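Here the structure is laid out as structure tokens; the discussion comes afterwards.
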Amino acid sequence: MVIPAMDYIDEVFMTGMLDEGRFDPSIRAAVGLAKKTLNKYYSLTDMSKLYCIAMVLHPHHKLEYFRHVKWEVDWIKTMSDLVRNTYETSYATCEVHESPPSASASEVSENKDCSTNIFDRLLSLSKVDCAGMMDELNSYLATSVEDINVGDAIQWWSECQSMYPHL
């Protein structure tokens, strides 16, 4: 993703500019100009609603990335609000066409119903479906970030489509 890469490059540039003993003044000046150019384009990502939404919906980042690198709380809230408003106005009420359950899912269900262990069927010991108590976006954001390769987000979303059909 572009933001983490730019954050890293910005950090390296800043370190290079400050290391007077290691780098010649002309090198530090060139790094300073490169940093200025980088920041010009970096600031443009703030203007892209789509890019902000993509960062928040990336399962490896979510809002945790921005907290981790200590972005301003107000900016993180702005991103969260942007994602929330877009979800509520454009996706939350969309009709979802679900694919039929897989054979393995129905087999698991049958095995649970036929279990001889009476405790498997006690409602008080059943797993609580927290996702049903909140909307998809809150459910998604409440889960931990996923340990996936940054470039595998589309595959992850494809595999998790049934959990988050509106997202």
Side-chain angles (χ1 to χ4, degrees), residues 1-17 31-102 104-106 108-109 112 123-167:
M1 299 286 290
V2 173
I3 296 291
M6 290 178 102
D7 283 342
Y8 176 76
I9 292 168
D10 187 60
E11 181 182 327
V12 170
F13 281 0
M14 182 57 75
T15 305
M17 287 175 49
V31 169
L33 291 173
K35 183 175 174 11
K36 184 176 178 180
T37 302
L38 175 73
N39 287 334
K40 173 185 169 186
Y41 292 104
Y42 188 61
S43 67
L44 294 176
T45 61
D46 291 349
M47 293 183 217
S48 170
K49 291 180 180 181
L50 181 60
Y51 194 81
C52 293
I53 292 168
M55 278 295 292
V56 174
L57 292 182
H58 194 291
H60 188 72
H61 299 296
K62 299 186 181 182
L63 292 169
E64 287 307 308
Y65 172 80
F66 302 102
R67 291 183 190 112
H68 178 73
V69 296
K70 298 177 177 47
W71 282 35
E72 293 179 25
V73 173
D74 289 343
W75 200 92
I76 295 171
K77 175 147 178 29
T78 299
M79 283 186 72
S80 179
D81 291 345
L82 170 66
V83 173
R84 162 71 43 209
N85 292 338
T86 303
Y87 170 74
E88 288 176 355
T89 59
S90 301
Y91 298 98
T93 58
C94 290
E95 185 176 331
V96 176
H97 303 285
E98 295 184 31
S99 35
S102 65
S104 60
S106 56
V108 169
S109 177
K112 183 179 177 189
L123 290 177
S124 60
L125 296 178
S126 298
K127 183 178 178 185
V128 176
D129 179 17
C130 295
M133 296 179 197
M134 59 177 93
D135 67 24
E136 283 178 38
L137 181 59
N138 285 339
S139 177
Y140 171 73
L141 292 174
T143 61
S144 299
V145 294
E146 297 284 335
D147 186 21
I148 65 168
N149 291 328
V150 175
D152 291 341
I154 293 176
Q155 179 182 349
W156 185 91
W157 275 106
S158 179
E159 292 169 359
C160 296
Q161 183 177 2
S162 63
M163 288 191 321
Y164 307 109
H166 292 97
L167 288 176

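FYI, the numbering just counts along the sequence from 1. Just so we're clear, the structure is a prediction, and the values are computed from it rather than from any experiment.
To the nearest 0.5 Å, the span separating OG1 on T93 from CD on E88 amounts to 10.0 Å. Summarising the geometry, atom CG belonging to L44 is positioned 11.0 Å from atom CG belonging to N39; distances are rounded to the nearest 0.5 Å. The CG atom of L33 lies 6.5 Å from the OG1 atom of T37; values are rounded to the nearest 0.5 Å. Rounding to the nearest 0.5 Å places CH2 of W156 at 13.0 Å from NE2 of H60. The NE2 atom of H166 sits 9.0 Å away from the CD atom of E95 when rounded to the nearest 0.5 Å. M163 CE to T143 OG1: the interatomic distance, rounded to the nearest 0.5 Å, is 7.5 Å.
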Evaluation steps, side chain to side chain contact (heavy atoms under 4.5 Å, CB included), between L167 and Y91:
CA-CA 7 Å; L167 288 176; Y91 298 98; over 6 Å; no

Dump the intermediate steps for side chain to side chain contact (heavy atoms under 4.5 Å, CB included) on F66 and C52, then the final yes or no.
CA-CA 11 Å; F66 302 102; C52 293; over 6 Å; no

Before you tell me yes or no, could you show the steps for T78 and L82 under side chain to side chain contact (heavy atoms under 4.5 Å, CB included), namely the whole-Å CA-CA distance, both residues' side-chain angles and the distance that decides it to 0.1 Å?
CA-CA 6 Å; T78 299; L82 170 66; 5.6 Å; no

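In terms of heavy atoms, V56 sits closest to L141 at CG1-CD2, 3.9 Å. When all heavy atoms are compared, the tightest approach of P165 to S162 is CD-O, 3.6 Å. Scanning all heavy atoms of the two residues, the minimum distance from R84 to D135 falls at NH1-OD2, 2.6 Å. Heavy-atom minimum distance, K62 versus P59: CE-O, 4.2 Å.
Between H61 and H58, the two ring planes are tilted [angle within 30° to 60°]. Using cut-offs of 30° and 60° on the angle between ring planes, the pair Y140 and Y164 is perpendicular.
Judged by distance alone, the side chain of S80 and the main-chain N or O of I76 form no donor-acceptor pair under 3.5 Å.
Listed by chain and residue number, D81 satisfy the salt bridge (charged side-chain N to carboxylate O under 4.0 Å, His left out) test with K77 (two or more places apart in sequence, or in another chain).
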